[in-house]
Each structure stands twice: as C-alpha cells, then as structure tokens.
Chemist: 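Can you read through this structure? Questions will come right after.
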Amino acid sequence: MRRTLGTVTVECVLGDITDQGDVDAVVNAANARLGPGGGVAGAIHRAAGPGLAAEARPLGPIRPGEAVITGGHGLPNRFVVHALGPVYGQDRPEAELLAACYRNSLTLADENGAGSVAFPAISTGIFGYPVEEAAGVALGTVAGEAKGLRNVRLVRFVLFGERDLEAHERALSEAF
Ligand code: ADP
C-alpha cells in the first residue's frame, strides 16, 4: 500500500530491513551502544559486517529519541541511520521519544542527500511498544515532516508480519 503527500510517497511492505537494496538509507532499531543486538540490530549488523559497529560505536552511547548516521558497509545501502527507540513503560513520554526517532532519522537521511529511506517498526519488538500505537506515531510523524524534506522522496515501512503490516496500513490511510 502507498500514499503520496506533496513530493513524498510513503509505502508499507512486508519484508526484511536488510533486503532493501533499492533505498539509499535503512534505519536500524539500535541499542544505546550502537552495537549488534537482537531483532533488527542483530540482522543489520550481521548483514553489514564488523565495519558497521566499528564506525558506529564511537558515535554512542545515544539516548532514546536520538539518531546517528553511518555508511552501509556490507549492506546494499549507502547509509544506516541508527535510532534508539523508547522502552515502553520506562522511557517517557514514549510517544514523543518515538516521534523524535522518526523525525531525527528523516532529517539525518535528508541532510545527507538520501532520496529514499526504509524504516522498521522501531520499539515494537524487544522494547514492547504496542504496534497499533507505535504505527500511529510513526505515520503521523512522517506525515508532519514530509513537507520539510528536500531530498527524501520515498519513505518505506518494512514490516515483519501481517499484523504489523495491517497496523501500519491503517495508520497510513489515517495520516495521509
Ligand atoms: P526494538 O528493540 O526497538 O523494539 P526490535 O529489533 O526488537 O526493536 O524489533 C522492532 C520490530 O522489527 C519488531 O516488530 C520486529 O518483529 C521487527 N523485525 C525484527 N527483525 C527484522 C528484520 N530483519 N526486518 C524488519 N523487521 C524486523
């Protein structure tokens, strides 16, 4: 499913974040130390190789809502944006911190000249953010940022399961 707002197209697809060879930047659901971990961070660091952690680690630790950018190393993407989502029920206010992840990630990608960015559903795995709620924050934030983007023309949400895909499609049709 895809929708266009001004110059920016947003789409939701089922897939793996490490398998998005046609986008300039992929976003990592990072940990504070910017190293390998479980879920998305595990998959991204495995696919990128040890050079990614070597470049990223000195940029950390980061706090919830913050993001940093590195090269893609062994991934088929020019950039990896590492964003730290809030732990649900712990890092508050959750919605503001999650929105900051999306906003800061989009700004970094845009400032570095990326024309396309792929996001996973940040915070909805190990960090426990309910996916319906997180999807509303994610798509609402992208809709709010779309006008200010100079380079980014495509934002893709890459979801790992049907339920997550449906939640993001609902949020996309509400936000756009
Ligand atoms: P967080 O620690 O921010 O909660 P996780 O990596 O645990 O992040 O999970 C975030 C979401 O990404 C979850 O919905 C999870 O199912 C999904 N996910 C895990 N691996 C991948 C992958 N390789 N590609 C896309 N999504 C993934």
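Counting starts at 1 for both ligands and their atoms, in listed order.
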Chemist: Under 3.5 Å, is there a donor-acceptor pair between the side chain of Arg33 and the main chain of Ala30?
Modeler: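 No; zero donor-acceptor contacts below 3.5 Å.
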Chemist: Kindly work out whether a path of hydrophobic side-chain contacts (I/L/V/M/F/W/Y, heavy atoms less than 4.5 Å apart) joins Leu159 to Val10.
Modeler: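 In one cluster with Leu159: Val10, yes.
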Chemist: Please determine if Glu11 and Arg3 form a salt bridge, counting it only when a charged side-chain N lies under 4.0 Å from a carboxylate O.
Modeler: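 No, Glu11 and Arg3 are not salt-bridged.
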Chemist: Would you confirm whether Asn104, through its side chain, and Gly65, through its main-chain N or O, come within 3.5 Å as a donor-acceptor pair?
Modeler: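 At least one qualifying donor-acceptor pair exists.
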Chemist: Tell me whether the centres of the aromatic rings in Phe119 and Phe157 are closer together than 6.0 Å.
Modeler: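 Yes; Phe157 has its ring centre under 6.0 Å from that of Phe119.
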Chemist: Do you know the tightest heavy-atom contact between Ala109 and Val117?
Modeler: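 Minimum heavy-atom contact is CB-CG2, 3.6 Å.
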Chemist: For ligand 1, which of its N or O atoms have a protein N or O partner closer than 3.5 Å, and how long is each gap?
Modeler:
{"residue": "ligand 1", "atom": "3 (O)", "partner": "Ser123", "partner atom": "N", "Å": "2.8"}
{"residue": "ligand 1", "atom": "4 (O)", "partner": "Ser123", "partner atom": "O", "Å": "3.4"}
{"residue": "ligand 1", "atom": "4 (O)", "partner": "Gly125", "partner atom": "N", "Å": "2.9"}
{"residue": "ligand 1", "atom": "4 (O)", "partner": "Ile126", "partner atom": "N", "Å": "3.2"}
{"residue": "ligand 1", "atom": "4 (O)", "partner": "Phe127", "partner atom": "N", "Å": "3.0"}
{"residue": "ligand 1", "atom": "6 (O)", "partner": "Val40", "partner atom": "N", "Å": "2.8"}
{"residue": "ligand 1", "atom": "7 (O)", "partner": "Ile126", "partner atom": "N", "Å": "2.9"}
{"residue": "ligand 1", "atom": "14 (O)", "partner": "Thr124", "partner atom": "OG1", "Å": "3.0"}
{"residue": "ligand 1", "atom": "14 (O)", "partner": "Asp164", "partner atom": "OD2", "Å": "3.4"}
{"residue": "ligand 1", "atom": "23 (N)", "partner": "Asp16", "partner atom": "OD1", "Å": "3.1"}
{"residue": "ligand 1", "atom": "24 (N)", "partner": "Ile17", "partner atom": "N", "Å": "2.9"}

